[in-house]
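I have placed the structure first, in the form of structure tokens, so that the comments after it can refer back to it.
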Amino acid sequence: RSFLSPAERQLLLWNRFMEEKNEYMESLSYKEDGDEIEKRLLSNGKLFDELARLQIAIAEEESEGIVKGGAVESLSEKGEI
């Protein structure tokens with residue numbers, strides 16, 4: 001597909017932010033930033049719940065063959081012919 005659905009765009013954004021968060025956390029020292037590290041680690045559960053929701057939405061979009069504007073993918077767009 002030559003475009004991304006809203007869920008796919010959200011997943012790309014989510015991945016970018018998680019990369020940035022990981023880079024930031026790698027720069028922290030537990031001695032100096034223990035509270036900040038703990039706070040960010042606790043937020044990971046919510047973030048991974050959101051990741052699971054996005055992955056389910058994308059899988060449902062792909063299985064339903066729904067494309068931008070609510071149109072249905074043709075067999076050739078799905079790669080079936």
Side-chain angles (χ1 to χ4, degrees):
R1 297 191 299 208
S2 60
F3 67 91
L4 297 175
S5 71
E8 290 168 325
R9 284 193 304 274
Q10 187 66 34
L11 182 59
L12 287 176
L13 186 62
W14 188 95
N15 284 328
R16 191 186 95 211
F17 288 149
M18 287 305 292
E19 296 266 336
E20 291 176 13
K21 179 180 179 180
N22 288 337
E23 288 174 13
Y24 173 70
M25 289 196 58
E26 287 174 2
S27 74
L28 299 177
S29 163
Y30 203 83
K31 275 185 181 178
E32 299 169 8
D33 306 302
D35 290 338
E36 177 72 12
I37 291 170
E38 292 292 332
K39 181 178 87 174
R40 291 185 181 271
L41 288 175
L42 288 173
S43 74
N44 283 349
K46 292 177 189 175
L47 293 171
F48 283 102
D49 288 345
E50 177 66 7
L51 172 62
R53 187 191 68 75
L54 288 170
Q55 290 172 327
I56 290 168
I58 290 168
E60 287 174 354
E61 288 173 354
E62 289 173 352
S63 70
E64 293 172 0
I66 304 298
V67 297
K68 189 173 186 177
V72 177
E73 280 184 313
S74 69
L75 292 175
S76 63
E77 287 172 322
K78 291 180 184 180
E80 295 181 15
I81 58 170

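Every heavy atom of this structure was used, including side-chain atoms; hydrogens, water molecules and symmetry mates were not.
- L41 and F48 fall into different hydrophobic clusters, defined by Ile, Leu, Val, Met, Phe, Trp and Tyr side-chain heavy atoms under 4.5 Å apart, directly or through other members.
- Here Q10 contributes atom CD and N15 contributes atom CG; the two are 10.5 Å apart, rounded to the nearest 0.5 Å.
- Atom CG of N22 sits about 5.5 Å away from atom CE of M18, to the nearest 0.5 Å.
- Taking CG from L12 and CG from L54, the interatomic distance works out to 10.0 Å, rounded to the nearest 0.5 Å.
- Tracing side-chain contacts under 4.5 Å through hydrophobic residues (I, L, V, M, F, W, Y), one never reaches M25 starting from L42; they form parts of separate clusters.
- A distance of 11.0 Å separates CD in E36 from CD in E38, rounded to the nearest 0.5 Å.
- Considering all non-hydrogen atoms of both residues, S43 and R40 come closest at OG-O, 2.8 Å.
- In plain terms, the two heavy atoms of K21 and L47 that are nearest each other are NZ-CD1, 3.4 Å.
- Within the model, atoms CD1 of I37 and NZ of K31 stand 12.5 Å from one another, a figure rounded to the nearest 0.5 Å.
- Atom CG of D49 has more than 12 heavy atoms from other residues, nucleotides or ligands within 6.0 Å.
- A 4.5 Å side-chain heavy-atom check between W14 and Q55 finds every atom pair outside the cut-off.
- Electrostatic pairing of E50 and R53 counts as a salt bridge here, judged by a charged N lying under 4.0 Å from a carboxylate O.
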